[in-house]
Amino acid sequence: MSYASLITESKNQVGVIRFNRPDVHNALSTTMLEDIAMAVEAFDNDDSVRAIVLCSSGDYFTAGVDLQEFSQNLTDVASLLDRQKAAMLSLSRVRKPLIAAAAGYVFGQGIELLLNCDIVLAADNLCLAIPDASLGIVPGIGLEKKLLSAVGRAKTMEMLLCGRAMLAEEANACGLISRIVPLAELENEAFNTAAKIVQTPEFTAIALKETLKAFENPVYESAIDEAMMRARIIVGSDDFRNYLRKFSQNKA
(Lines give C-alpha, C1' and ligand atoms only; values in the text may rest on other atoms or scores of the structure.)
Protein backbone atom coordinates (compact mmCIF):
# COMPACT_ATOMS: atom_id res chain seq x y z
CA MET A 1 0.00 0.00 0.00
CA SER A 2 1.24 3.51 -0.80
CA TYR A 3 0.86 6.62 1.36
CA ALA A 4 1.00 10.26 0.29
CA SER A 5 3.15 11.36 3.23
CA LEU A 6 5.20 8.22 3.93
CA ILE A 7 7.71 5.91 2.28
CA THR A 8 7.46 2.32 3.47
CA GLU A 9 9.47 -0.81 2.81
CA SER A 10 10.18 -4.18 4.40
CA LYS A 11 13.58 -5.82 4.52
CA ASN A 12 15.12 -8.57 6.63
CA GLN A 13 11.90 -8.89 8.66
CA VAL A 14 11.94 -5.20 9.56
CA GLY A 15 9.20 -2.80 8.47
CA VAL A 16 10.44 0.73 7.77
CA ILE A 17 8.24 3.83 7.81
CA ARG A 18 9.88 7.07 6.69
CA PHE A 19 8.11 10.41 7.08
CA ASN A 20 7.99 12.26 3.77
CA ARG A 21 6.54 15.78 4.01
CA PRO A 22 9.79 17.74 3.75
CA ASP A 23 8.07 20.89 2.47
CA VAL A 24 6.36 21.33 5.89
CA HIS A 25 9.08 19.73 8.05
CA ASN A 26 7.04 16.54 8.38
CA ALA A 27 4.21 18.34 10.17
CA LEU A 28 1.65 15.82 11.34
CA SER A 29 -1.57 16.45 9.48
CA THR A 30 -4.50 14.29 10.51
CA THR A 31 -4.15 12.28 7.30
CA MET A 32 -0.42 11.75 7.89
CA LEU A 33 -1.04 10.60 11.46
CA GLU A 34 -3.70 8.18 10.18
CA ASP A 35 -1.28 6.98 7.49
CA ILE A 36 1.38 6.29 10.14
CA ALA A 37 -1.15 4.34 12.20
CA MET A 38 -2.28 2.35 9.13
CA ALA A 39 1.28 1.61 8.02
CA VAL A 40 2.27 0.47 11.50
CA GLU A 41 -0.87 -1.68 11.74
CA ALA A 42 -0.14 -3.23 8.34
CA PHE A 43 3.34 -4.25 9.48
CA ASP A 44 1.94 -5.40 12.82
CA ASN A 45 -0.34 -7.79 10.92
CA ASP A 46 2.36 -8.91 8.47
CA ASP A 47 3.79 -12.28 9.53
CA SER A 48 7.02 -11.57 7.65
CA VAL A 49 7.75 -8.48 9.82
CA ARG A 50 9.10 -8.80 13.37
CA ALA A 51 10.00 -5.18 14.25
CA ILE A 52 9.06 -1.72 12.94
CA VAL A 53 11.27 1.36 12.54
CA LEU A 54 10.04 4.97 12.28
CA CYS A 55 12.45 7.47 10.76
CA SER A 56 12.62 10.66 8.70
CA SER A 57 15.01 12.72 6.63
CA GLY A 58 16.20 16.29 6.96
CA ASP A 59 16.48 18.60 9.96
CA TYR A 60 13.06 17.69 11.39
CA PHE A 61 11.85 14.32 12.62
CA THR A 62 8.52 16.16 12.76
CA ALA A 63 7.40 19.73 13.40
CA GLY A 64 4.38 18.41 15.32
CA VAL A 65 0.76 19.24 14.68
CA ASP A 66 -0.08 20.77 11.29
CA LEU A 67 -1.37 24.23 12.27
CA GLN A 68 -2.21 25.07 8.68
CA GLU A 69 -4.72 22.23 8.66
CA PHE A 70 -6.33 23.52 11.86
CA SER A 71 -6.51 27.11 10.61
CA GLN A 72 -8.24 25.94 7.43
CA ASN A 73 -10.78 23.81 9.32
CA LEU A 74 -11.78 25.97 12.28
CA THR A 75 -15.35 24.66 12.26
CA ASP A 76 -14.23 21.03 12.16
CA VAL A 77 -11.41 20.96 14.71
CA ALA A 78 -13.27 18.61 17.07
CA SER A 79 -13.59 16.05 14.27
CA LEU A 80 -9.86 16.33 13.50
CA LEU A 81 -9.05 15.74 17.17
CA ASP A 82 -11.24 12.63 17.22
CA ARG A 83 -9.43 11.22 14.18
CA GLN A 84 -6.03 12.01 15.70
CA LYS A 85 -7.02 10.36 18.97
CA ALA A 86 -8.05 7.19 17.12
CA ALA A 87 -4.73 7.13 15.23
CA MET A 88 -2.64 7.62 18.37
CA LEU A 89 -4.56 4.97 20.28
CA SER A 90 -3.97 2.60 17.38
CA LEU A 91 -0.23 3.17 17.74
CA SER A 92 -0.40 2.49 21.48
CA ARG A 93 -1.94 -0.94 20.79
CA VAL A 94 0.72 -2.22 18.38
CA ARG A 95 1.97 -5.66 19.47
CA LYS A 96 5.35 -5.75 17.74
CA PRO A 97 8.37 -3.73 18.94
CA LEU A 98 8.38 -0.19 17.55
CA ILE A 99 11.72 1.62 17.20
CA ALA A 100 12.17 5.33 16.51
CA ALA A 101 15.29 6.74 14.87
CA ALA A 102 14.85 10.42 15.75
CA ALA A 103 17.10 13.20 14.48
CA GLY A 104 16.82 16.97 14.56
CA TYR A 105 13.73 18.78 15.80
CA VAL A 106 10.81 16.93 17.35
CA PHE A 107 7.96 19.24 18.31
CA GLY A 108 4.70 18.75 20.22
CA GLN A 109 2.73 15.79 18.95
CA GLY A 110 5.93 14.31 17.55
CA ILE A 111 7.14 13.72 21.11
CA GLU A 112 4.04 11.64 21.75
CA LEU A 113 4.93 9.56 18.69
CA LEU A 114 8.32 8.89 20.27
CA LEU A 115 6.72 8.00 23.60
CA ASN A 116 4.55 5.42 21.84
CA CYS A 117 7.71 3.69 20.62
CA ASP A 118 9.41 0.96 22.63
CA ILE A 119 12.96 2.01 21.82
CA VAL A 120 14.01 5.57 20.90
CA LEU A 121 17.44 6.00 19.35
CA ALA A 122 18.27 9.70 19.11
CA ALA A 123 20.86 11.50 17.04
CA ASP A 124 23.19 13.86 18.86
CA ASN A 125 21.39 16.81 17.26
CA LEU A 126 18.02 15.95 18.84
CA CYS A 127 15.91 18.87 20.07
CA LEU A 128 12.56 18.25 21.77
CA ALA A 129 10.09 21.08 22.40
CA ILE A 130 6.36 21.62 22.94
CA PRO A 131 5.32 25.04 21.55
CA ASP A 132 1.59 24.36 21.94
CA ALA A 133 0.96 26.83 24.79
CA SER A 134 2.48 29.71 22.80
CA LEU A 135 0.02 28.85 20.01
CA GLY A 136 -2.94 28.98 22.37
CA ILE A 137 -3.58 25.23 22.45
CA VAL A 138 -2.99 22.26 24.75
CA PRO A 139 -1.91 18.77 23.70
CA GLY A 140 -5.11 16.83 23.16
CA ILE A 141 -4.22 13.16 22.76
CA GLY A 142 -2.26 12.11 25.82
CA LEU A 143 1.18 13.73 25.56
CA GLU A 144 0.92 15.15 29.10
CA LYS A 145 0.34 11.74 30.67
CA LYS A 146 3.18 10.02 28.88
CA LEU A 147 5.63 12.89 29.42
CA LEU A 148 4.71 13.08 33.11
CA SER A 149 5.49 9.39 33.52
CA ALA A 150 8.76 9.75 31.62
CA VAL A 151 10.36 12.89 33.10
CA GLY A 152 8.29 13.93 36.14
CA ARG A 153 6.04 16.88 36.90
CA ALA A 154 8.60 19.71 37.09
CA LYS A 155 10.20 19.10 33.69
CA THR A 156 6.81 18.39 32.12
CA MET A 157 5.33 21.68 33.35
CA GLU A 158 8.34 23.70 32.18
CA MET A 159 8.23 22.14 28.73
CA LEU A 160 4.45 22.61 28.46
CA LEU A 161 4.12 26.09 29.95
CA CYS A 162 7.37 27.67 28.77
CA GLY A 163 8.15 25.68 25.65
CA ARG A 164 11.65 24.97 26.98
CA ALA A 165 13.62 22.76 24.64
CA MET A 166 15.28 19.56 25.78
CA LEU A 167 18.42 18.47 23.94
CA ALA A 168 19.73 14.96 23.47
CA GLU A 169 21.99 14.82 26.54
CA GLU A 170 19.23 15.88 28.93
CA ALA A 171 16.67 13.61 27.27
CA ASN A 172 19.06 10.71 27.70
CA ALA A 173 19.85 11.58 31.32
CA CYS A 174 16.18 11.57 32.34
CA GLY A 175 15.31 8.40 30.43
CA LEU A 176 13.14 9.98 27.75
CA ILE A 177 15.20 8.26 25.04
CA SER A 178 17.04 4.94 24.96
CA ARG A 179 20.44 6.32 23.98
CA ILE A 180 22.27 8.81 21.78
CA VAL A 181 23.81 7.75 18.47
CA PRO A 182 25.97 9.88 16.14
CA LEU A 183 23.77 11.27 13.38
CA ALA A 184 25.69 9.52 10.60
CA GLU A 185 25.17 6.15 12.30
CA LEU A 186 21.57 6.59 13.46
CA GLU A 187 19.64 4.60 10.87
CA ASN A 188 22.18 1.78 10.71
CA GLU A 189 21.99 1.47 14.48
CA ALA A 190 18.19 1.41 14.34
CA PHE A 191 18.38 -1.50 11.88
CA ASN A 192 20.99 -3.26 14.02
CA THR A 193 18.68 -2.91 17.01
CA ALA A 194 15.76 -4.25 15.01
CA ALA A 195 17.94 -7.17 13.84
CA LYS A 196 18.57 -8.14 17.47
CA ILE A 197 14.82 -8.13 18.09
CA VAL A 198 14.28 -10.32 15.04
CA GLN A 199 16.53 -12.94 16.65
CA THR A 200 14.26 -13.05 19.73
CA PRO A 201 11.28 -15.42 19.60
CA GLU A 202 8.30 -13.36 18.46
CA PHE A 203 6.00 -14.58 21.22
CA THR A 204 8.59 -13.53 23.81
CA ALA A 205 8.99 -10.02 22.36
CA ILE A 206 5.23 -9.49 22.25
CA ALA A 207 4.75 -10.85 25.79
CA LEU A 208 7.47 -8.57 27.18
CA LYS A 209 5.95 -5.52 25.49
CA GLU A 210 2.44 -6.30 26.74
CA THR A 211 3.69 -6.91 30.29
CA LEU A 212 5.55 -3.59 30.44
CA LYS A 213 2.52 -1.74 29.05
CA ALA A 214 0.31 -3.25 31.74
CA PHE A 215 2.69 -2.16 34.52
CA GLU A 216 3.46 1.26 33.05
CA ASN A 217 0.19 2.72 31.89
CA PRO A 218 -3.02 1.07 33.08
CA VAL A 219 -5.13 4.23 32.63
CA TYR A 220 -3.71 5.64 29.39
CA GLU A 221 -6.99 5.68 27.47
CA SER A 222 -8.92 7.38 30.29
CA ALA A 223 -6.12 9.97 30.51
CA ILE A 224 -6.51 10.67 26.79
CA ASP A 225 -10.25 11.20 27.29
CA GLU A 226 -9.51 13.75 30.01
CA ALA A 227 -6.98 15.58 27.81
CA MET A 228 -9.36 15.50 24.82
CA MET A 229 -12.11 17.09 26.89
CA ARG A 230 -9.91 20.08 27.72
CA ALA A 231 -8.63 20.36 24.16
CA ARG A 232 -12.20 20.39 22.84
CA ILE A 233 -13.14 23.23 25.18
CA ILE A 234 -10.22 25.32 23.97
CA VAL A 235 -10.53 24.68 20.24
CA GLY A 236 -14.26 25.31 20.39
CA SER A 237 -13.82 28.75 21.93
CA ASP A 238 -13.92 32.07 20.07
CA ASP A 239 -10.69 33.06 21.85
CA PHE A 240 -8.83 30.17 20.26
CA ARG A 241 -10.27 30.74 16.80
CA ASN A 242 -9.41 34.43 16.87
CA TYR A 243 -5.91 33.64 18.12
CA LEU A 244 -5.33 31.08 15.38
CA ARG A 245 -6.61 33.45 12.68
CA LYS A 246 -4.15 36.13 13.86
CA PHE A 247 -1.34 33.58 14.03
CA SER A 248 -2.05 32.38 10.48
CA GLN A 249 -2.18 35.97 9.18
CA ASN A 250 1.17 36.76 10.81
CA LYS A 251 2.71 33.66 9.24
CA ALA A 252 1.41 34.55 5.77
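Because only heavy atoms are used, hydrogens play no part in the values below, and waters and symmetry mates are left out as well, while side chains stay in. All residue numbers in this chain count up from 1 along the given sequence.
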Item to complete: To the nearest 0.5 Å, tell me how far K209 NZ sits from D118 CG.
Response: 3.5 Å

Discussion item. ring-ring contact (aromatic ring centres under 6.0 Å, His included) for F61 and F19? Distances and angles first, verdict last.
Written reply: CA-CA 8 Å; F61 182 76; F19 304 160; 5.0 Å; yes

Worksheet entry | Reported CG-to-OG1 distance for the pair L147 and T156, which is rounded to 0.5 angstrom | 4.0 Å

Discussion item. Using a strict threshold of under 4.0 Å (side-chain N to carboxylate O), is an ion pair present between D44 and K96?
Written reply: no

Worksheet item: Would R153 and E144 satisfy salt bridge (Lys or Arg N to Asp or Glu O under 4.0 Å), going step by step from the backbone distance to the final call?
Response: CA-CA 9 Å; R153 188 176 191 277; E144 303 97 325; over 6 Å; no

Discussion item. Under 4.5 Å between side-chain heavy atoms, counting indirect links through other Ile/Leu/Val/Met/Phe/Trp/Tyr residues: same cluster for V151 and L148 or not?
Written reply: no

Worksheet item: Would you find a donor on one side and an acceptor on the other, under 3.5 Å apart, between the side chain of T211 and the backbone of A207?
Response: yes

Practice prompt. Report the C-alpha separation of T30 and Q84 in whole Å, then their side-chain angles, then the decisive distance to 0.1 Å, and conclude whether the side-chain hydrogen bond (donor to acceptor under 3.5 Å, both in side chains) test is met.
Written response: CA-CA 6 Å; T30 303; Q84 292 181 3; 3.1 Å; yes

Worksheet item: Between T204 (side chain) and T200 (backbone), is there a donor-acceptor pair under 3.5 Å?
Response: no

Worksheet item: Atom OG of S10 and atom CZ of R50: how far apart are they, to the nearest 0.5 Å?
Response: 12.5 Å

Item to complete: May I ask you to check whether R18 and S56 show a side-chain donor-acceptor distance below 3.5 Å?
Response: no

Worksheet item: Between T31 and E69, what is the shortest heavy-atom contact and its length?
Response: N-OE2, 4.4 Å

Worksheet item: Is there a chain of hydrophobic side chains (I, L, V, M, F, W, Y, each step under 4.5 Å between heavy atoms) that links I52 to V198?
Response: no

Discussion item. Quick one, K11 and F191 - any side-chain contact, counting heavy atoms below 4.5 Å?
Written reply: yes

Worksheet item: Within the side chain of T62, is there an N or O that forms a donor-acceptor pair under 3.5 Å with the backbone of N26?
Response: yes

Worksheet entry | Inter-residue atom distance D35.CG - T8.OG1, 0.5 Å rounding | 10.0 Å

Worksheet item: Should V24 and Q68 be marked as a side chain to side chain contact (heavy atoms under 4.5 Å, CB included) after you check the CA-CA gap, both sets of side-chain angles, and the distance that decides it?
Response: CA-CA 10 Å; V24 290; Q68 189 67 24; over 6 Å; no

Worksheet entry | NZ/NE/NH1/NH2 to OD/OE distance under 4.0 Å, R95 and E41 | no

Worksheet item: Under a single-linkage definition using a 4.5 Å side-chain heavy-atom cutoff for Ile, Leu, Val, Met, Phe, Trp and Tyr, are L115 and L33 assigned to the same hydrophobic cluster?
Response: yes

Worksheet item: If you draw a 6.0 Å radius around OH in Y60, do more than 12 non-hydrogen atoms from other residues or ligands fall strictly inside?
Response: yes

Item to complete: With rounding to the nearest 0.5 Å, note down the distance linking SG in C55 to CD in E187.
Response: 4.5 Å

Practice prompt. Kindly compute the distance separating CD1 (I7) from CG (N20), expressed to the nearest 0.5 Å.
Written response: 4.0 Å

Worksheet item: Is there a path from L128 to F107 through hydrophobic residues (I, L, V, M, F, W, Y) whose side chains come within less than 4.5 Å of each other?
Response: no

Item to complete: Ignoring hydrogens and angles, tell me if any N or O in the side chain of N12 forms a donor-acceptor pair with the backbone of V14 under 3.5 Å.
Response: no

Fill in: N192 CG: over 12 foreign heavy atoms closer than 6.0 Å
yes

